[in-house]
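Written out below as structure tokens is the structure these notes cover.
Note that ligands are numbered from 1 as they come in the structure, with each ligand's atoms numbered from 1 the same way. Each residue takes its place number in the sequence, starting with 1.
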Amino acid sequence: MNNDFVDKEIYEKEVIQIDPLIQQDKCIIEVRNVHKTYLLGLEGVTALRGVSFNVQEGEFITILGTSGCGKTTLLNLLGSIDLPTKGDVRICGQRIRASTEDKFLASLRLSSLGFVFQTFNLISSLTALENVELPMILKGTLNKDQIRNNAQQLLEQVGLGGRLNHYPNQLSGGEQQRVTIARALANNPSILLLDEPTGDLDTKNSDLIMKIIIDLNIEKGITIIMVTHDTNLKNYSTRTIRMLDGKVANDEKNNEDNRAKHIDDLTRVIKQYQDINFGVRAGTVEENRQNTSKTEKRQPKNYKVLNHLYHPNQQLDNKQQLPQFIQQYNTPIQKSNPNLQIQNKDSIQE
Ligand SMILES: Nc1ncnc2c1ncn2[C@@H]1O[C@H](COP(=O)(O)OP(=O)(O)OP(=O)(O)O)[C@@H](O)[C@H]1O
């Protein structure tokens, strides 16, 4: 990591109360009594009301709960996209709090975290290959050839070796989501955070995406945290957290045999798709409509393109802006975080 980005908080050794049953050395995320209140006009909207749990390295956690219970808010805090109003979040040993600098958070996200959202968030003016290259260019530790090779390999891993130079609008929804996964993996993240990754996909593409995610967890040991409305998807994970009204209502380990059976079934189904027609095509509008019974309808979030990788409010809409953008990224500018201004710590409703 570039030393310019290293926040002095890295060296702080503040003691946080850890559940004694959990092995501290394998704990990759710690969430302690986290609250989040958004200020909407003059009123506070409380999204999280005292959430605590630990995530162990290599876990695959599904977060379920009804609309508005705080799942996305929690995922954003776990990904350091947003900051808690009160409470402690530690990601890969780094403490995140309201005063943590944006530059440090952006660097942490770039190095350790991968994000996949329901809406694919690809840059429309860049090819699949260039979209996957971007996080590596921004990190700035590899040369041009290494970046190109890595991006190509990642796209091959998700079955898109034949689509390297396609632009997002030349790809199906499932293919775009696979590019997003390849991009999320570009800097070898320890943690992959997914918000409804299959929410906009038909069953076949949803199956294929899930298989890729499962393989990343089992074969590469990447810690997965996935928000979904599709309760069936919990069968592929090792643990399920159910949220209710901004709190954890239930947190339990999933049955390993049940998981293995569902993964076997999924592998078999995918093999059938590929036997019939190599690759998985996106569903037609009609097919997608028919498939919605499986997943509760959800309004897609209006994420700004790739904001999760960079500073808040940073926009990158076309290729021409890229060099200037990279230069800006490498220049230590401290931008104020709007969330800090709208939070009123005294107004938290317990
Ligand atoms: N930026 C914001 N400003 C104000 N209120 C917000 C903001 N983001 C979320 N909220 C509110 O916080 C609460 C939790 O929202 P969140 O998006 O985390 O829920 P969710 O469980 O992910 O819902 P869904 O499943 O519908 O996506 C909701 O009441 C929502 O209206």
Inset, instruction - Give yes or no for whether the N/O distance cutoff of 3.5 Å, strictly under, is met between Ala47 and ligand 1. - result: no
Inset, instruction - For the pair Asp264 and Arg268, find out whether any cationic side-chain nitrogen is under 4.0 Å from an anionic carboxylate oxygen. - result: no
Inset, instruction - With atom 14 (C) of ligand 1 as the reference point, say which of Gly246, Cys69, Gly68, Gly199 has the nearest heavy atom. - result: Gly68
Legend entry - Proximal atoms of ligand 1 relative to Thr73 (non-hydrogen, under 4.0 Å): 14 (C), 15 (O), 16 (P), 18 (O)
Legend entry - Ion pair Asp245/Arg49, N-O distance below 4.0 Å: no
Inset, instruction - Please list all pairs passing the salt bridge (charged side-chain N to carboxylate O under 4.0 Å, His left out) test where one or both residues lie in residues 231-242, with sequence neighbours left out. - result: Glu59-Arg239, Arg239-Asp251
Legend entry - Salt-bridge present (Arg148, Asp145; N to O < 4.0 Å): no
Legend entry - Partners passing salt bridge (Lys or Arg N to Asp or Glu O under 4.0 Å) against Lys211 (at least two apart in sequence or in another chain): Asp215
Inset, instruction - Report the part of Thr66 in contact with ligand 1, treating N, CA, C, O as backbone and CB onward as side chain, heavy atoms under 4.0 Å; options are side chain, backbone, both, neither. - result: backbone
Inset, instruction - With heavy atoms of His229 as the reference, note each atom of ligand 1 found under 4.0 Å away. - result: 25 (O)
